[in-house]
S.K.: 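Sharing a structure below in structure tokens format, with a few things to ask.
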Amino acid sequence: MIEIKDLHKSYKMGSNSLHVLKGINFKAEDGELVAIMGSSGSGKSTLLNILGMLDEADSGEYVLDGIPIKNLNETKAAKYRNKFLGFVFQSFNLINYKNAMENVSLPLYYQGMGRKERNEKAMKYLEQVGLKQWATHLPNELSGGQKQRVAIARAMAAEPKLLLADEPTGALDSTTSYEVMDLIQKINDAGNTILVVTHEEDIAHMCKRIIHLKDGVIVEDKKVKQVRAADYVQQG
Ligand code: ADP
Ligand code: MG
């Protein structure tokens, strides 16, 4: 699914340059659920943004689903992004004047899908995240956990090959975080490949593999026994 080799990234600031990624190597197979950990500023978002084709590495190789991602023009990059990738962010990034269903259906609109079909699909994905009844509600009428579930439904509605989540539980309390992780685990159980950036140990252990970033390199990469979030979610 993903293969990266010797990835480097620096940010230039005036005459200074900050070397953030200093040779990252890793592979992720189809169906993996990987946590990317590291302290604040360790380059987690930088790495995720490169994997998500929102940013480009300075050097190194990145192969996504067999396709070398290099020197793509913006049209091609956008096409691959739409086809391959789903994003979930800490701050949800919902459009506040559109209701839940419209938020979920928006990427489908950009894929050129007709109104009826995209709304039906949006409803199907809202139902999967347990929010069918909230379809006509605006984001400010939803709790943080509900907003993140809408964001996950929006990402999944486009049927990405890879779901990238940057601190998806970072703005949520623990109970709500576990509900979101329960959903992420179920999506992974269904076979989807997911990368989750987090700096919380308990969240990382709800993944199947933990990669630790430090000072621009991977200092640890281990398989873990997955803690099931459902065991920590209050039933009923
Ligand atoms: P993390 O997500 O692990 O907190 P980031 O990848 O966001 O870390 O940032 C890594 C380092 O790069 C930080 O020191 C940050 O300040 C810096 N950085 C991130 N984005 C930019 C940018 N666009 N321009 C300059 N510096 C940046
Ligand atoms: Mg970050």
Side-chain angles (χ1 to χ4, degrees), residues 2-28 32-62 64 69-72 74 77-78 81 84-94 144-145 147-149 151-152 154-155 160 162-174 176-178 180-181 183-184 188 193-222 224:
I2 295 177
E3 186 166 2
I4 59 175
K5 274 189 200 154
D6 203 23
L7 211 68
H8 285 258
K9 176 75 181 177
S10 298
Y11 291 111
K12 314 243 172 317
M13 290 172 295
S15 54
N16 292 325
S17 163
L18 182 67
H19 200 175
V20 180
L21 302 179
K22 302 176 182 169
I24 304 282
N25 295 284
F26 90 100
K27 278 186 198 182
E32 284 207 60
L33 174 52
V34 185
I36 299 172
M37 292 200 79
S39 52
S40 179
S42 60
K44 304 182 298 294
S45 295
T46 300
L47 176 59
L48 206 75
N49 290 344
I50 292 170
L51 294 174
M53 301 172 63
L54 298 170
D55 198 357
E56 261 190 302
D58 300 328
S59 64
E61 286 174 35
Y62 173 26
L64 172 62
I69 304 299
K70 200 160 205 176
N71 304 325
L72 299 176
E74 192 41 49
R81 251 191 325 263
F84 290 123
L85 301 163
F87 295 94
V88 176
F89 301 97
Q90 175 173 354
S91 51
F92 324 122
N93 294 12
L94 299 178
K147 280 185 224 180
Q148 197 57 299
R149 279 148 64 198
I152 292 171
R154 175 181 58 186
L162 175 64
L163 182 65
L164 301 169
D166 195 350
E167 313 234 13
T169 64
L172 306 174
D173 61 55
S174 338
T176 313
S177 294
Y178 298 154
V180 166
M181 284 310 293
L183 179 58
I184 285 178
N188 175 249
T193 315
I194 308 178
L195 262 55
V196 179
V197 163
T198 181
H199 55 253
E200 295 158 294
E201 280 287 344
D202 53 346
I203 297 299
H205 281 271
M206 290 174 174
C207 299
K208 295 170 172 169
R209 173 179 169 192
I210 302 177
I211 287 176
H212 226 107
L213 275 185
K214 197 180 173 191
D215 299 328
V217 294
I218 292 176
V219 290
E220 188 176 39
D221 183 349
K222 61 180 180 189
V224 290

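Bear in mind that the values here come from a model prediction, so they are computed numbers and not experimental data. Order of appearance sets the numbers: ligands from 1, and atoms from 1 within every ligand.
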S.K.: Does any N, O or S atom in Ser45 come within less than 2.8 Å of the Mg ion (ligand 2)?
M.R.: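 Yes - counting backbone and side chain alike, Ser45 has an N, O or S atom under 2.8 Å.
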S.K.: Taking Val88 as the fixed residue, which of Asn93, Ile194, Ile152 is the one that meets the side chain to side chain contact (heavy atoms under 4.5 Å, CB included) rule?
M.R.: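 Among Asn93, Ile194, Ile152, the one meeting side chain to side chain contact (heavy atoms under 4.5 Å, CB included) with Val88 is Ile152.
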S.K.: Considering only heavy atoms of Leu18, which atoms of ligand 1 have at least one such atom less than 4.0 Å away?
M.R.: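 Atoms satisfying the 4.0 Å criterion: 12 (O), 14 (O), 17 (C).
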S.K.: Going through the distances and angles, do Met181 and Cys207 end up as a side-chain contact (heavy atoms from CB on, under 4.5 Å)?
M.R.: CA-CA 9 Å; Met181 284 310 293; Cys207 299; 4.2 Å; yes
S.K.: Indicate yes or no: at least one non-hydrogen side-chain atom of Lys44 is less than 4.5 angstrom from one of Glu167.
M.R.: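 Side-chain contact under 4.5 Å: yes.
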S.K.: At less than 4.0 angstrom from any non-hydrogen atom of Ser45, what atoms of ligand 1 do you find?
M.R.: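 Result: 1 (P), 2 (O), 6 (O), 7 (O).
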S.K.: Among all protein heavy atoms, pick the one closest to atom 10 (C) of ligand 1 and tell me residue, atom and distance.
M.R.: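 Result: Gly41 O, 3.3 Å.
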S.K.: Please list the nearest protein heavy atom to atom 9 (O) of ligand 1 with its residue and the distance rounded to 0.1 Å.
M.R.: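 Answer for atom 9 (O) of ligand 1: Thr46 OG1, 3.9 Å.
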S.K.: Look at atom 24 (N) of ligand 1 and say which protein heavy atom is nearest, naming residue and atom and giving the distance to 0.1 Å.
M.R.: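 Here the closest protein heavy atom is Tyr11 CD2, 3.6 Å.
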S.K.: Using 0.5 Å steps for rounding, measure from the CG atom of Leu195 to the CD1 atom of Ile2.
M.R.: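 That separation rounds to 5.0 Å.
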S.K.: What's the separation between atom CD1 in Ile218 and atom CD1 in Ile211, rounded to the nearest 0.5 Å?
M.R.: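 Output value for this atom pair is 4.5 Å.
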S.K.: Looking only at protein heavy atoms, which one is nearest to atom 8 (O) of ligand 1, and how far off is it?
M.R.: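 Its nearest protein heavy-atom neighbour is Gly43 N, 3.2 Å.
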S.K.: If you count the atoms of ligand 1 from 1 in the order shown, which ones are under 4.0 Å from a heavy atom of Ser39?
M.R.: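 Listed by number with element, the hits are 3 (O).
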S.K.: Taking the side chain from Gln148 and the backbone from Phe89, do they hold a donor-acceptor pair closer than 3.5 Å?
M.R.: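 Yes; at least one donor-acceptor contact below 3.5 Å.
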S.K.: Would you verify that at least one protein heavy atom lies under 4.0 Å from atom 15 (C) of ligand 1, or report that none does?
M.R.: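 Under 4.0 Å from atom 15 (C) of ligand 1, zero protein heavy atoms found.
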S.K.: Looking at Ser10, is its backbone amide N or carbonyl O close enough to the side chain of Asp58 to form a donor-acceptor pair, meaning the two atoms are under 3.5 Å apart?
M.R.: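 Yes, the answer is positive, given that a donor and an acceptor are paired below the 3.5 Å cut-off.
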